[in-house]
There are 2 protein chains.
Amino acid sequence: MGKTRSAPTLNDVAKAAGVSTATVSRCLNSPERVVESTRKRVMQAVESLGYTPNFAARVMAANRSFTIGAIIPTMDNAIFARGLQEFQDQLRESGYTLLVSSSAYDPEVEREQIRTLVARGADGLLLIGYARDAEIYNYLEQHQIPSLVAWSYDPRVQRPSVGFSNTAAMGELARKVILTGHRQIAMISGKTKGNDRAQSRVEGVRLAMTENSLDPDTLTLIETTYEIEKGAEALRKLMNLSPRPTVVICGNDVLAAGALREARNLGIQVPEQLSITGFDDIELAEIVSPSLTTVHVPHREMGRKAAQELVEMVEGRSEGRSVCIDTRMVVRHSLAGPPDLP
Amino acid sequence: MGKTRSAPTLNDVAKAAGVSTATVSRCLNSPERVVESTRKRVMQAVESLGYTPNFAARVMAANRSFTIGAIIPTMDNAIFARGLQEFQDQLRESGYTLLVSSSAYDPEVEREQIRTLVARGADGLLLIGYARDAEIYNYLEQHQIPSLVAWSYDPRVQRPSVGFSNTAAMGELARKVILTGHRQIAMISGKTKGNDRAQSRVEGVRLAMTENSLDPDTLTLIETTYEIEKGAEALRKLMNLSPRPTVVICGNDVLAAGALREARNLGIQVPEQLSITGFDDIELAEIVSPSLTTVHVPHREMGRKAAQELVEMVEGRSEGRSVCIDTRMVVRHSLAGPPDLP
DNA sequence: TTGTATGCGTTATCAG
DNA sequence: CTGATAACGCATACAA
């Protein structure tokens, strides 16, 4: 167990290069402010010592952490993974590191994680959806932490966001469903409480019904957590109803996949006897059989744009703009006309 | 734009409570070392000021960050998500925060991310698989950063790991495949270069063949990246071979799902005309149709145990133990006997 | 049990 | 263009 030298510091580099720590620091942070000759010498020392700046010290001195925090509802399925991956890659390019937490859709947990992230000096925060206590937003404002909402976009809300209109997107799908001839409509939604995406998607369906002279109150709605099992469970319940729905609109692809699986187990032909639709267009949607008619959300684009905007905000170049991402319906095989269209 | 007060510091709390900063610090870190009465007073001040310790300062002073880093190959599919979620939850219970990066299966990127994580003061690192340059391990040792390997377990390697034997797990599956009557065996593997999990899985198949008097050199092997599309592509190539394989063993469920989809597109009946197997048993495996025969990996258990062990290591209570997690084969519908078994 | 004083590694300000 | 030096907020050894 020999004595191990610990990480070299600015001081070590300075000594090795025969300059002051200030100069070394400058070489690293604003190289143009130091002459070629000394810079070269310094960089060589940095290289040969394998120097890496101490992050905590840097944060303390500069009062910036080059860290962006993100709190997502779950890491458990692909829905957020893809967008976040792109978000992270884009951040990295701008010199930031991403710190992710997942809240398990629990507002209390989210609150705590936001505090942790702020305590860790996050320069900015990415939040999913608008819906959360005003207290949290106040807290962020007090601490001067720029925050950006993603996955939702609503022009009525005065808060920077990079997302899409869940209402409009689901509305388009529902209109298509109705146009296809369905009248007995059921929906398996995620829990709407504290989840504006889920709420808006339900609203989208209701709006489409109203527009087409269907009573939105006749929508059979089941709320559940976003798990495959739950989607299956919900479908089972729906199939015991009479009259049976001819179409089940699901709040996302995961629920739809569960519903699809259960339909198969029950010996119900999709789409001949029952239509099922999803939302998100994760890879799953194309793999299940029959493939899912769903709404495509450009997650990567959203992640990239969110990163760009948040960095602008953090660096004081933007007060917080909002970006609306376009979604589009993807028609595949799980949607067809109702079984006994006269 | 009013002047916003910035976060309260230890000093503020100390003043408010009428004690020294040292006492406040103690109240927070080792409450038992301060009398009830003062502690109560201090805690009250902490509460009312909404004090949260400044993370960077804490790291600098204590020379510990309560941060664990993890570098995973990809966040893009469910394979690592589930285990990591549990890893994170368990860490949180022990008071640690998780910092995740993904390397996109690129050793160079991984190297850089490890350095970043270390510079950020990570107390310990979780790495996926053993295979990486000795230089990296040396670097970690030099910096005294405990590291734990996950997703792989090999008793021959002297390095703490919490994982499973990829060879044995895939071997079991391959034995089953052979026992079912298959002789024309093909495999779609992930890129084996720098990926010991992929390597071991191929090895597992070869071992099983050898054990059953099949020449392992007759294994048709395609290596590709872990994407659905690539699985599909590979299957297409395999189906043009003659003689055609009667079974395609895939390196993971994602590749298998792609292969399955392509088989369907080509009008090939699975499992009647072709058997396909996966690995990992992510949710996908049960959802696709036919459902996948695969190897179940208890990702959550692995994540939890990895967190426990790594914390022990970081806190100096363990020199680094290894834990072998049990996998089990899951037989579903995608595997059957070869089409023209005499 | 509590307070004092010092150091952690950078950045940034201000002279030179 | 470069060098001293003062913060930054906290933990801890040491003193009281």
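Predicted model only: the values in this text are computed from it and were never measured. Proteins get letters first, then strands, A, B, ... in listed order; numbering begins at 1 in each.
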(Q) Could you check whether R115(A) and T52(B), counting side-chain N and O atoms only, form a donor-acceptor pair closer than 3.5 Å? (A) no

Q) Taking CZ from R120(B) and P from dG9(C), how many angstroms apart are they, rounded to a whole number? A) 18 Å

Q: Nearest whole angstrom, please: distance from the C1' of dG9(C) to the CG of N11(A).
A: 9 Å

Q) Touch check for L10(B), heavy atoms < 4.0 angstrom, all strands: base, sugar-phosphate only, or nothing? A) sugar-phosphate

Q) Checking side chain to side chain donor-acceptor pair (under 3.5 Å) for the pair S103(B)/Q113(B): CA distance, chi angles, key distance, verdict? A) CA-CA 8 Å; S103(B) 65; Q113(B) 292 182 335; 5.1 Å; no

Q: Specify the separation, in whole Å, of atom CZ of R39(A) and atom P of dC1(D).
A: 10 Å

**Q.** Nearest to side-chain heavy atoms of N54(B), which nucleotide of dC10(D), dG9(C), dC1(D)
**A.** dC10(D)

Q: Have a look at Y51(B) and say if it touches a base, only the backbone sugar-phosphate, or nothing, with a 4.0 Å heavy-atom cut-off.
A: sugar-phosphate

**Q.** Side-chain donor-acceptor contact under 3.5 Å, S161(B) with Y130(B)
**A.** yes

Q | Candidate list W151(A), Y226(A), F87(A), test ring pair (Phe, Tyr, Trp, His ring centres under 6.0 Å), partner F80(A), passing option | A | W151(A)

Q: Assess whether atom CZ of R64(B) is packed by more than 12 heavy atoms of other residues, nucleotides or ligands within 6.0 Å.
A: yes

Q: Tell me, please, whether Y137(A) has R159(A) positioned over its six-membered ring: NZ or CZ under 6.0 Å from the ring centre and within 45 degrees of its axis?
A: yes

Q) Any idea which of dT2(D), dG9(D), dT2(C) is nearest the M60(A) side chain? A) dG9(D)

Q | Between P of dA12(C) and CZ of R58(A), the distance in whole Å | A | 9 Å

Q | Members of residues 15-33 of chain B that approach DNA chain D, where some heavy atom sits under 4.0 Å away | A | A22(B), S25(B), N29(B)

Q | Short side-chain donor-acceptor distance under 3.5 Å, Q85(B) and D89(B) | A | yes

Q: Would you indicate whether the side-chain heavy atoms of Y153(A) and M302(A) approach each other to under 4.5 Å?
A: no

Q: Estimate the overall bend of the helix from dT1(C)-dA16(D) to dG16(C)-dC1(D) from the end axes over five pairs each, rounded to 10 degrees.
A: 30°

Q | Of E309(B), Q308(B), E312(B), the residue whose pairing with S318(B) passes side-chain hydrogen bond (donor to acceptor under 3.5 Å, both in side chains) | A | E309(B)

**Q.** Nearest-nucleotide comparison on DNA chain C, the residue closer to the 5′ end among T38(B) and A61(B)
**A.** T38(B)

